[in-house]
*Asks:* 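Please see the structure below; I have some questions.
One-based numbering, in listed order, for ligands and for the atoms of each.
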Amino acid sequence: RAKHGGGAGHQVFTPQMREHSMRIGRLENELKRGLGRDELRVVYQPIMALGEGRVVGFEALLRWQHPEHGLLEPGAFLDVAEDCGLMLDIDRWVLREACVQLRRWQQESPHAPPLTLNVNFSARHFAAPGVYEQVRGVLADTGFPPARLNLEITESALLARPEAIGQTLEQLRALGVRLHLDDFGTGYSSLGYLHAYPLDTLKIDRSFVQGMLTSPSSAELVRTIIAMAKNMKMRVVAEGIEETRHLDALRGLGCDYGQGYLFARPLGAEEARAFARAH
Ligand code: C2E
Ligand code: MG
Ligand code: MG
Ligand code: MG
């Protein structure tokens, strides 16, 4: 029917869609250009040991210093980066940049306690061939100790290509790299893979942390995740701790680590370093 034209079903490309795809196309070109022009930045959010209130490391988070639109957060451009195949390059760049940075801090303050580094890898990236070799290469080039690198992946990464993923995770683990499951609880919630893969840490999504004071089901979920992780000898990091009440509740449940605006927002390199010294 649509083939013969005229009907509403024929018009698959509305002006709004056209506008949208032009915007995406523009963003794509700008991002490609920006990558070559040093417009990407890494900011660092402290991860704290909740008991002592001490910094244990940082999560590296991507920003784009756009020439017209200012500093953009990943929500504004990661989808586009994924769709145009730039995510691999970007993730690799973030990994290298952050490893160089933390290694430099360590060299400048050799007696400071060693810091861990968390880096996010997109699900699609993780399923691509050669991820292990890439990570190993960056670690070798930068001299950052593999045992202090935590790679954050999401549940969707584990579902993508189970056989290939399993092997990559084992190889990374053998190198000493630790694997953190990000946004835990928001995904497909099949718990089988917690046993199937060598994961070290669950990161409780901030929606549950922030909901736990008002929603009994969120509170129960947080309690369950922490208990389950302990049973499985995994660690837990709570995301999105914004208030002292969140912190108190999490401490009460035995949550060991956390991050959030209560401690610090993602910081530029110099600020992050000062924060680490002070805490
Ligand atoms: P994520 O990995 O779950 O990172 C945590 C996000 O929560 C960050 O947002 C951080 O700024 C924000 N956050 C931290 N504490 C709080 C808090 O107390 N309250 C609130 N409301 N938010 C808090 P950001 O930097 O905008 O990053 C968003 C997502 O983009 C990340 O979520 C991650 O999935 C992705 N991402 C960031 N950098 C990279 C990267 O280099 N590579 C890839 N593949 N993904 C990245
Ligand atoms: Mg993360
Ligand atoms: Mg997260
Ligand atoms: Mg998230």
*Asks:* Taking the non-hydrogen atoms of Gly75, is any one of them nearer than 4.0 angstrom to ligand 1?
*Replies:*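 It does not; every heavy atom stays at 4.0 Å or beyond.
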*Asks:* Is there a heavy atom of Met87 sitting under 4.0 angstrom from any atom of ligand 1?
*Replies:*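 It does; at least one heavy atom falls under 4.0 Å.
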*Asks:* Would you say the Mg ion (ligand 3) has Asp183 as a near neighbour, meaning an N/O/S atom of that residue under 2.8 Å away?
*Replies:*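 Under 2.8 Å: Asp183 contacts the Mg ion (ligand 3) through an N, O or S atom.
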*Asks:* Could you tell me which atoms of ligand 1, counted from 1 in the order shown, lie closer than 4.0 angstrom to a heavy atom of Glu239?
*Replies:*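 Once the distances to Glu239 are compared, the set is 3 (O).
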*Asks:* What N, O or S atom of Asp182 is found closest to the Mg ion (ligand 3)?
*Replies:*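 Nearest to the Mg ion (ligand 3) within Asp182's N, O and S set: OD1.
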*Asks:* If you measure from CD on Glu239 to OG on Ser207, what distance do you get to the nearest 0.5 Å?
*Replies:*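 Between atom CD of Glu239 and atom OG of Ser207 there are 8.5 Å.
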*Asks:* Assess the residue pair Lys203 and Glu152 against the criterion (side-chain contact (heavy atoms from CB on, under 4.5 Å)); give the C-alpha distance rounded to whole Å, side-chain angles, the decisive distance to 0.1 Å, and a yes or no.
*Replies:* CA-CA 9 Å; Lys203 295 194 77 173; Glu152 296 194 4; 2.6 Å; yes
*Asks:* Can you name the atoms of ligand 1, numbered from 1 with element, that are less than 4.0 Å from a heavy atom of Gly260?
*Replies:*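 Listed by number with element: 15 (N), 18 (O).
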*Asks:* Among residues at least two apart in sequence or on other chains, which ones pass side-chain contact (heavy atoms from CB on, under 4.5 Å) with Ala49?
*Replies:*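 By the side-chain contact (heavy atoms from CB on, under 4.5 Å) rule, Ala49 matches Glu52, Arg54, Val56, Tyr257.
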*Asks:* Please state whether Arg206 comes within less than 4.0 angstrom of ligand 1, counting heavy atoms only.
*Replies:*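 Under 4.0 Å: yes for Arg206.
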*Asks:* Within the structure provided, determine whether Leu151 and Phe126 are in side-chain contact (heavy-atom separation under 4.5 Å).
*Replies:*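 The answer is yes, as the side chains (C-beta and beyond) meet within the 4.5 Å cut-off.
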*Asks:* Rounded to the nearest 0.5 Å, what's the gap from CD1 on Ile153 to CG on Leu199? Could you check?
*Replies:*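 Those atoms lie 6.0 Å apart.
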*Asks:* In ligand 1, which numbered atoms sit nearer than 4.0 Å to a non-hydrogen atom of Asp183?
*Replies:*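 Every atom of ligand 1 under 4.0 Å from some heavy atom of Asp183: 3 (O).
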*Asks:* So which bit of Ser122 gets within less than 4.0 Å of ligand 1, heavy atoms only: side chain, backbone, both or neither?
*Replies:*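 Answer for Ser122: both.
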*Asks:* Answer with yes or no whether Gln210 contacts ligand 1, where contact means a heavy atom under 4.0 Å from a ligand atom.
*Replies:*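 The answer is yes: ligand 1 sits under 4.0 Å from a heavy atom of Gln210.
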*Asks:* Could you walk me through whether Leu250 and Met212 pass side-chain contact (heavy atoms from CB on, under 4.5 Å), step by step?
*Replies:* CA-CA 9 Å; Leu250 288 161; Met212 68 189 285; 4.0 Å; yes
*Asks:* Once you round to the nearest 0.5 Å, how far does CG of Leu95 lie from CG of Leu117?
*Replies:*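 Leu95 atom CG to Leu117 atom CG measures 7.5 Å (nearest 0.5 Å).
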*Asks:* Looking at Glu242, which atoms of ligand 1 are within less than 4.0 Å of one of its heavy atoms?
*Replies:*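 Close to Glu242: 17 (C), 18 (O), 19 (N), 20 (C), 21 (N).
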*Asks:* Do you know which N/O/S atom name in Glu59 is closest to the Mg ion (ligand 2)?
*Replies:*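 So the atom name we want here is OE2.
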*Asks:* Under 4.0 Å from any heavy atom of Val94, which atoms of ligand 1 are there?
*Replies:*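 Here the atoms of ligand 1 in question are 41 (O).
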*Asks:* From Glu239, does some N, O or S atom reach closer than 2.8 Å to the Mg ion (ligand 3)?
*Replies:*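 So Glu239 does bind the Mg ion (ligand 3) by this criterion.
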*Asks:* With the threshold set at 4.0 Å, does a side-chain nitrogen-carboxylate oxygen contact exist between Glu133 and Arg136?
*Replies:*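 Salt bridge: no.
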*Asks:* Would you mind writing out the side-chain donor-acceptor pairs for residues 73-91 within the sub-3.5 Å range, not counting sequence neighbours?
*Replies:*
residue	atom	partner	partner atom	Å
Glu82	OE2	Ser122	OG	3.1
Asp91	OD2	Ser122	N	2.9
Asp91	OD2	His125	ND1	2.9

*Asks:* Given Val209, Ile153, Asp91, Leu40, which has its nearest heavy atom closest to atom 43 (C) of ligand 1?
*Replies:*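 Nearest option to atom 43 (C) of ligand 1, by heavy atoms: Asp91.
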*Asks:* If you count the atoms of ligand 1 from 1 in the order shown, which ones are under 4.0 Å from a heavy atom of Gly240?
*Replies:*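 The list of qualifying atoms is 16 (C), 17 (C), 18 (O).
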*Asks:* Answer yes or no: is there an ion pair linking Asp141 with Arg96, defined by an N-O contact shorter than 4.0 Å?
*Replies:*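 Result for this pair is yes, salt bridge flagged.
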*Asks:* Examine the proximity of ligand 1 to Leu78 and report which part, side chain or backbone, both or neither, has a heavy atom under 4.0 Å away.
*Replies:*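 Side chain only.
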*Asks:* Nearest heavy atom to atom 1 (P) of ligand 1 wins, so pick from Asp182, Thr154, Leu72.
*Replies:*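 It is Asp182 whose heavy atom sits nearest to atom 1 (P) of ligand 1.
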*Asks:* Find the distance between CE (Met234) and NE2 (His180) and round it off to the nearest 0.5 Å.
*Replies:*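 The distance works out to 9.0 Å.
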*Asks:* Evaluate Leu62 for polar contact with ligand 1, using N/O atom pairs at a separation under 3.5 Å.
*Replies:*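 Right, the criterion is met.
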*Asks:* Would Arg173 and Asp200 pass as an ion pair if we require N to O under 4.0 Å?
*Replies:*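 Result for this pair is yes, salt bridge flagged.
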*Asks:* Of the backbone and side-chain N, O or S atoms of Asn120, does one lie nearer to the Mg ion (ligand 2) than 2.8 Å?
*Replies:*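 So Asn120 counts as coordinating the Mg ion (ligand 2), yes.
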*Asks:* Heavy atom of Glu59 under 4.0 Å from ligand 1?
*Replies:*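 Yes, Glu59 has heavy atoms under 4.0 Å from ligand 1.
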*Asks:* Using a 4.0 Å cut-off to any heavy atom of Phe121, which atoms of ligand 1 qualify?
*Replies:*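 Close to Phe121: 44 (N).
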*Asks:* Is the backbone of Glu242 close enough, under 3.5 Å, to the side chain of His246 for a donor and an acceptor to pair up by distance?
*Replies:*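 Judged by distance alone, yes, a pair lies under 3.5 Å.
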*Asks:* Does a salt bridge link Glu108 with Arg103, judged by any charged N lying under 4.0 Å from a carboxylate O?
*Replies:*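 Arg103 and Glu108: not salt-bridged.
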*Asks:* Of all the atoms in ligand 1, which lie at a distance below 4.0 Å from a heavy atom belonging to Gln45?
*Replies:*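 Close to Gln45: 14 (C), 15 (N).
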*Asks:* For ligand 1 and Tyr261, I'd like to know whether there is a polar contact (N/O to N/O, distance under 3.5 Å).
*Replies:*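 Between Tyr261 and ligand 1, an N or O pair is found under 3.5 Å apart.
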*Asks:* Using the rule given for side-chain contact (heavy atoms from CB on, under 4.5 Å), can you reason through Leu179 versus Tyr197, listing the C-alpha separation, both sets of side-chain angles and the distance that settles it, and then say yes or no?
*Replies:* CA-CA 9 Å; Leu179 303 160; Tyr197 299 119; over 6 Å; no
*Asks:* Provide the atom name of the closest N, O or S atom of Glu152 relative to the Mg ion (ligand 2).
*Replies:*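 Nearest to the Mg ion (ligand 2) within Glu152's N, O and S set: OE1.
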